[in-house]
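Take a look at the structure set out below.
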Amino acid sequence: MAGEAVGTPKHVVVFGALPPDQLARLQAAHQVTVTNPKADPAAFEAALAQAEGLIGASYPITPALLDKAPRLRVVSSVSVGVDNYPLAALQQRGIVLCHTPGVLDETVADTVFGLLMATSRRMVELANLVREGRWAKSVGEDLYGWDVHHKTIGLLGFGRIGQAIARRAALGFGMQVLYHARRPVDLATQAPELVGKATHTPLAELLPRADFVVAMLPLSDTTRGMLNAELFAQMKPGSIFINGGRGATVDEAALLHALDHGPLRAAGLDVFAKEPLPTASPLRTHPRVTPLPHIGSATAETRHAMAALAVTNLLQVLAGEQATAAYDTAAA
Ligand code: 8YV
């Protein structure tokens with residue numbers, strides 16, 4: 001495979017769990033130190049001194065940590081999102097940042113659509129009713145859910161994952177798809193199956209029309225706290241909010257207000273401003289919130305594919321080659 005076992009072994013630090021076969025690929029080519037920064041930050045920081053390559057996920061890499069890694073050439077994230085990385089600092093230091101786009105699109109779209117369905121049909125709440133032995137009679141109006149098919153879905157963010165969700169909605173459930181993005185997507189070239197089925201719509205028009213508002217936004221200075229009281233107030237009475245992107249794009253106090261005082265009927269959340277979600281968070285116990293523990297890409301197949309791509313990216317850069325999936329830190 002490209003970049004495998006060429007040139008002098010380099011020092012690679014792993015800062016997240018890798019499947020054994022992918023760790024073996026790394027160890028076959030380089031000198032690997034496996035760390036767990038959450039459990040032992042000191043050992044992680046000590047290992048940085050020699051590191052030429054860093055690979056992992058779910059841990060914020062700060063400029064201060066980069067200062068402890070003077071030999072670092074590449075950071076390979078086992079994620080598509082790059083909000084754990086200091087893009088400008090990496091760019092300044094000429095350190096390549098790699099990520100794992102594409103390999104998780106369909107899995108995340110499944111999760112988000114499943115969460116939308118579970119939230120609208122109250123599946124978790126009603127499964128708990130059965131589990132807790134409270135199913136005493138046929139469900140009545142007080143336990144009815146709301147239809148998903150043939151409703152209007154409004155997507156905030158329309159990249160690969162947003163388009164994968166739109167396919168499920170339009171082609172599988174007869175839904176009208178509205179989407180909001182920085183610029184319209186050329187569906188004819190990027191998603192021909194969605195031509196005539198997905199409409200680029202200004203936010204002020206999308207929010208009052210959508211029965212389901214689905215946020216698939218990356219976290220950046222532009223999107224942080226974007227979903228605030230003003231936006232929630234514009235949403236359709238009785239609509240349902242789904243977040244499958246990043247928790248910090250949402251003002252969670254404003255979300256709670258929209259759930260308790262309208263217009264939201266319910267919310268399905270796979271991501272939160274603080275993860276794991278603090279047990280004291282009112283979102284954890286809110287009766288009309290379906291919470292998930294950030295499982296967007298969490299299938300055996302997809303997490304393995306993400307790890308494999310992350311290892312390939314790292315091996316390519318350490319071999320002096322172009323990575324399969326480098327993130328453009330200059331554009332940040
Ligand atoms: C990752 C994700 O597993 O890829 C992403 O951006 O959110 C998930 O697939 C998670 O970021 C790991 O921290």
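Order of listing sets the numbers, starting from 1, for every ligand and every atom in it. What you are looking at is a predicted structure, and each value in this text was computed from that prediction instead of being measured.
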Work out which heavy atom in Q163 is nearest to a heavy atom in Q190; give both atom names and the distance.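 Nearest pair, atom of Q163 first, then Q190: NE2-OE1, 3.4 Å.
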
Closest non-hydrogen atom pair, P291 against R284: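 Residues P291 and R284, closest heavy atoms: CG-O, 4.2 Å.
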
Location of contacts on L104 toward ligand 1, heavy atoms closer than 4.0 Å: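 Only the side chain of L104 comes within reach of ligand 1.
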
What part of R246 sits under 4.0 Å from ligand 1 if we count only heavy atoms: the side chain, the backbone, both or neither?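 Contact part for R246 vs ligand 1: side chain (C-beta onward).
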
Using the side chain to side chain donor-acceptor pair (under 3.5 Å) rule, take T312 and R25 through it: C-alpha gap first, then chi angles, then the decisive distance, then the call. CA-CA 9 Å; T312 297; R25 280 178 68 200; 2.8 Å; yes

So is H99 in contact with ligand 1, going by heavy-atom distances below 4.0 Å?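 Distance cut 4.0 Å: H99 fails for ligand 1.
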
Below the 3.5 angstrom mark, is there an N/O of [X], backbone or side chain, next to an N/O of ligand 1?
X: T100; result: no
X: S79; result: no
X: V78; result: no
X: M306; result: no

Modelled atom types, side-chain donor and acceptor of H99 and N313, under 3.5 Å: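 No.
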
T290 and R122 side chains, donor-acceptor separation under 3.5 Å: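 Per modelled atom types, R122 and T290 side chains form no pair under 3.5 Å.
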
Is the closest side-chain heavy-atom distance between I153 and L116 below 4.5 Å?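 The answer is yes; the side chains approach within 4.5 Å.
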
How would you list all residue pairs meeting ring pair (Phe, Tyr, Trp, His ring centres under 6.0 Å) that involve residues 175-225, not counting sequence neighbours?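 For residues 175-225: F158-Y179, Y179-H200.
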
Could you find the nearest protein heavy atom to [atom] and give me its residue, atom name and distance?
atom: atom 10 (C) of ligand 1; answer: H294 NE2, 4.1 Å
atom: atom 3 (O) of ligand 1; answer: R303 NH2, 3.2 Å
atom: atom 4 (O) of ligand 1; answer: V80 N, 2.8 Å
atom: atom 12 (C) of ligand 1; answer: S58 OG, 3.2 Å

If you take the nearest heavy atom of each of G16, G244, G296, S297, which one is closest to atom 8 (C) of ligand 1?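 That would be S297.
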
Atoms in ligand 1 flagged as close to G81, the criterion being non-hydrogen separation under 4.0 Å: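 Those of ligand 1 that fall under 4.0 Å from G81 are 4 (O), 5 (C), 6 (O).
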
Are R93 and D67 ion-paired here, with the side-chain N under 4.0 Å from a carboxylate O?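 Looking at D67 together with R93, the answer is yes, because their closest N to O distance falls below 4.0 Å.
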
How is the hydrophobic cluster of V13 composed, in terms of its other members, when Ile, Leu, Val, Met, Phe, Trp and Tyr link through side-chain heavy atoms under 4.5 Å apart, directly or indirectly?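 Other cluster members: F15, F44, L48, L54, Y59, I61, L65, L66, L72, V75, V82, Y85, L87, L90, I95, L97, Y327.
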
